[in-house]
Amino acid sequence: MSNDENDLETEALRQKLTAWLASQRPGSGALEISGLKRSASGFSNETQFLTMRERPAAGGEATEERLVLRLPPRRWQVFPEYDLERQVKVMRCLAATDLPVPRVIGFESDPGVLGGPFYLMGQLEGASPQEVPPYHSFGMCSSASEEQRARMWWGCLEILDRVHRLDWKRLGLGFLGTARDGAEALDHHLTYYRDYLDWVDPDHRQDILRKALGWLADHRPRPKRLTLCWGDCRLPNLLYQDFKVTGVLDWEMAHLGDPESDLAWLLFMDWFHSEGHGIPRLKGFPGRDETEERYQQLSGQRVENLAFHEVLA
C-alpha cells in the first residue's frame with residue numbers, strides 16, 4: 001500500500017472513530033482524534049495508538065487522553081476465532097484488582113462501524129521489550145545491566161503469582177471455563193489445541209506436533225490447582241518504567257487452568273526469544289531452576305508438572 005493510500009485509510013478511520021466516540025458520550029463537548037499510529041509489535045490483534053482531545057460543552061480547559069484501539073487482524077490470523085468482547089470482559093473484571101491493567105473506554109460489536117468489532121482502552125505509562133528483533137538481541141533488555149534484567153524478570157514472576165492468587169469466582173471470571181477442577185480444565189485445553197492444530201494443519205503434515213499431542217494426552221497429570229491463568233505470560237506483554245512493571249497487557253489467551261502452564265509459557269517464550277532464534281540468552285536473567293524455586297517461594301505451592309507444561313507450550 002502506498003503512503004497516499006495509507007494516509008487516506010488513516011483519515012477515514014479517524015473520522016469514523018471520532019463519530020463513534022461522540023455517539024458514546026452524549027452531552028460531551030467537541031472531540032478530536034489525532035496521532036493515529038499503528039503499533040509495529042504484536043500479531044494477534046491490530047493495535048493503533050491515538051490521542052483524544054475533548055473540550056467541555058460548558059467551556060473550560062480541554063483535556064487530552066492517550067488511548068489504544070484494538071481490532072481483529074486484517075492480514076493473518078493467529079487464532080481460529082477472535083472474541084474481543086471476551087478480552088474486554090476479562091480486563092473489566094481485573095479492574096477491581098490491584099493489577100495494572102488498561103482501563104477499558106468502550107467496546108463496539110457492530111462491524112459496520114470500523115469493519116469489525118473493536119475496543120478502546122487507556123494507554124498506560126511504560127515500554128515493552130520488543131519481539132522483533134527479539135529482546136535478547138536489541139532494545140531495552142540488551143542495554144540494561146544484569147541487575148536491571150533480573151529486576152524485570154522477577155517483576156514478571158511476581159505479577160504471575162498475583163494473577164494466580166486472584167479469587168476468579170468473586171471477580172466474575174467464571175465465563176472463562178466450565179471445568180470443575182484442574183484435571184478437567186487440562187483436558188479442555190488439550191482438546192482446544194487438537195482442534196487448533198486441525199485448523200492450521202488440515203492436511204496433517206505436522207506429524208511431530210500430532211505426536212506431541214498424543215504424548216501429552218497419555219502423560220497428562222492431575223493438577224491440584226484451578227486458577228486464573230494469564231495464558232500469554234512473557235516480557236513483551238508487560239510495560240516497564242525504571243525496570244518495574246507498570247502494565248499487564250494482552251488477555252486474549254486468559255483461561256482457567258493449572259497455573260504451572262503460565263510458568264512454563266514464560267520459560268518457553270524466553271527460550272524462543274533467545275536460543276530459539278540462535279541468540280545467546282542475556283546474562284542477568286534468572287534461569288529455569290532459579291525461576292521455579294522463586295515461584296514456589298512466592299506461591300507457597302510446590303511445582304510438580306513443569307516439564308509437561310513446557311512440552312505443551
Side-chain angles (χ1 to χ4, degrees), residues 44 79-80 83 86-87 89-91 93-94 97 99 101 153-154 156-197 209-235 237-238 248-272 286-313:
S44 59
F79 302 108
D83 191 345
R86 181 177 180 274
Q87 297 175 38
K89 288 174 68 176
V90 170
M91 288 191 291
C93 289
L94 293 178
T97 73
L99 285 176
V101 296
W153 186 264
W154 292 137
C156 175
L157 202 66
E158 288 163 8
I159 286 290
L160 201 56
D161 176 59
R162 286 163 61 185
V163 169
H164 297 159
R165 288 176 178 272
L166 292 175
D167 185 341
W168 57 267
K169 291 181 181 178
R170 182 183 62 80
L171 291 170
L173 288 160
F175 64 88
L176 290 176
T178 58
R180 293 166 294 182
D181 55 31
E184 188 175 351
L186 181 55
D187 286 342
H188 292 174
H189 211 53
L190 291 175
T191 297
Y192 172 83
Y193 280 107
R194 191 175 295 111
D195 294 341
Y196 190 116
L197 185 55
L209 294 182
R210 295 188 183 279
K211 287 181 178 177
L213 271 173
W215 183 91
L216 289 164
D218 292 340
H219 293 83
R220 64 190 184 279
R222 295 194 63 83
K224 296 176 181 177
R225 301 170 69 196
L226 179 68
T227 73
L228 172 65
C229 295
W230 181 1
D232 200 6
C233 174
R234 52 200 177 96
L235 297 191
N237 280 342
L238 291 169
V248 188
L249 312 175
D250 288 352
W251 293 91
E252 58 261 50
M253 293 172 65
H255 62 279
L256 302 179
D258 184 352
E260 291 184 27
S261 64
D262 271 345
L263 182 62
W265 186 256
L266 170 64
L267 292 168
F268 169 75
M269 290 304 294
D270 185 71
W271 171 88
F272 173 77
R288 181 186 188 277
D289 292 344
E290 244 186 306
T291 301
E292 180 181 347
E293 179 61 30
R294 177 68 73 92
Y295 179 79
Q296 290 183 144
Q297 292 172 358
L298 288 170
S299 66
Q301 303 287 331
R302 182 173 177 78
V303 174
E304 298 179 336
N305 306 310
L306 189 59
F308 172 90
H309 283 294
E310 285 180 291
V311 174
L312 176 56

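Any value given below was found using the heavy atoms of this structure, including those in side chains, with hydrogens, waters and symmetry copies removed.
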Colleague: Taking the six-membered ring of W154, is NZ or CZ of R294 closer than 6.0 Å to its centre and within 45° of its axis?
Modeller: yes
Colleague: From L99 CG over to L166 CG, what is the distance, rounded to the nearest 0.5 angstrom?
Modeller: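 It is 5.5 Å, given to the nearest 0.5 Å.
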Colleague: Only counting residues at least two apart or in another chain, list the ones meeting side chain to side chain donor-acceptor pair (under 3.5 Å) with W251.
Modeller: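 By the side chain to side chain donor-acceptor pair (under 3.5 Å) rule, W251 matches no residue at all.
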Colleague: List the atom of A185, the atom of L226, and the distance in Å for their closest heavy-atom pair.
Modeller: CB-CD1, 3.7 Å
Colleague: So, are E260 and R225 salt-bridged, with charged N and O less than 4.0 Å apart?
Modeller: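 Looking at R225 together with E260, the answer is no, because their closest N to O distance does not fall below 4.0 Å.
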Colleague: Taking the side chain as every heavy atom from C-beta outward, state whether L266 and W153 have any atom pair closer than 4.5 Å.
Modeller: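 In contact.
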Colleague: Testing the basics here: between C93 and G172, what is the closest heavy-atom pair and its distance to 0.1 Å?
Modeller: SG-O, 3.8 Å
Colleague: Check for a donor-acceptor pair, side chain of H255 on one end and backbone N or O of M253 on the other, with a separation under 3.5 Å.
Modeller: yes
Colleague: Run the side-chain contact (heavy atoms from CB on, under 4.5 Å) check on E292 and L306 step by step: do they pass?
Modeller: CA-CA 9 Å; E292 180 181 347; L306 189 59; 3.7 Å; yes
Colleague: What's the shortest heavy-atom distance between L235 and C156, and which atoms?
Modeller: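 Here L235 and C156 meet closest at CD2-CB, 3.8 Å.
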Colleague: Between atom NE2 of H309 and atom CG of L216, what is the distance when rounded to the nearest 0.5 Å?
Modeller: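 Atom-to-atom, H309:NE2 and L216:CG are 9.5 Å apart.
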Colleague: Would you list the pairs meeting side chain to side chain donor-acceptor pair (under 3.5 Å) in which at least one residue belongs to residues 179-194, sequence neighbours left out?
Modeller: R180-E184, D187-R220
Colleague: Just checking, any donor-acceptor pair under 3.5 angstrom between side chains of T227 and W168?
Modeller: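 Not at all, the side chains of T227 and W168 share no donor-acceptor pair under 3.5 Å.
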Colleague: Just verifying a value: how many Å separate D161 CG and S299 OG, rounded to the nearest 0.5 Å?
Modeller: 6.0 Å
Colleague: If you compare all heavy atoms of L249 against all heavy atoms of W230, which two are closest, and at what distance to 0.1 Å?
Modeller: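 For L249 and W230, the tightest heavy-atom pair comes out as O-NE1, 3.2 Å.
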Colleague: From Y295 OH over to H164 NE2, what is the distance, rounded to the nearest 0.5 angstrom?
Modeller: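 Spacing of OH (Y295) from NE2 (H164) equals 4.5 Å.
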Colleague: Between L186 and P221, which heavy-atom pair has the shortest distance, and what is it?
Modeller: CD2-CD, 3.6 Å
Colleague: What distance do L197 atom CG and R210 atom CZ have between them, rounded to the nearest 0.5 Å?
Modeller: 4.0 Å
Colleague: Would L228 and L94 count as a side-chain contact (heavy atoms from CB on, under 4.5 Å) here? Give the steps.
Modeller: CA-CA 11 Å; L228 172 65; L94 293 178; 4.0 Å; yes
Colleague: Run the side-chain contact (heavy atoms from CB on, under 4.5 Å) test on L298 and L160 for me, step by step, so that the C-alpha distance in whole Å, both residues' side-chain angles and the decisive distance to 0.1 Å come before the verdict.
Modeller: CA-CA 10 Å; L298 288 170; L160 201 56; over 6 Å; no
Colleague: Nearest 0.5 Å please: distance from the CG atom of D232 over to the CG atom of D262.
Modeller: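 Nearest 0.5 Å value for the CG-CG distance: 9.0 Å.
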Colleague: What I want to find out is whether E252 reaches R86 closely enough, with some N-O distance under 4.0 Å, to be called a salt bridge.
Modeller: no
Colleague: Search all heavy atoms of L256 against all heavy atoms of L173 and return the closest pair with its distance.
Modeller: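 Looking at all heavy atoms of both residues, the closest pair is CD1-O, 4.1 Å.
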Colleague: Donor-acceptor pair, distance only, cut-off 3.5 Å: does the side chain of Q296 make one with the backbone of R302?
Modeller: no
Colleague: Step by step, would you call E158 with R162 a salt bridge (charged side-chain N to carboxylate O under 4.0 Å, His left out)?
Modeller: CA-CA 6 Å; E158 288 163 8; R162 286 163 61 185; over 6 Å; no
Colleague: Do C229 and V163 have side chains that get closer than 4.5 Å, going by heavy atoms?
Modeller: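 They are not in contact (no side-chain heavy atoms under 4.5 Å apart), so the answer is no.
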Colleague: Quick one, N237 with V248, criterion side-chain contact (heavy atoms from CB on, under 4.5 Å). Give me CA distance, side-chain angles, the key distance, then yes/no.
Modeller: CA-CA 6 Å; N237 280 342; V248 188; over 6 Å; no
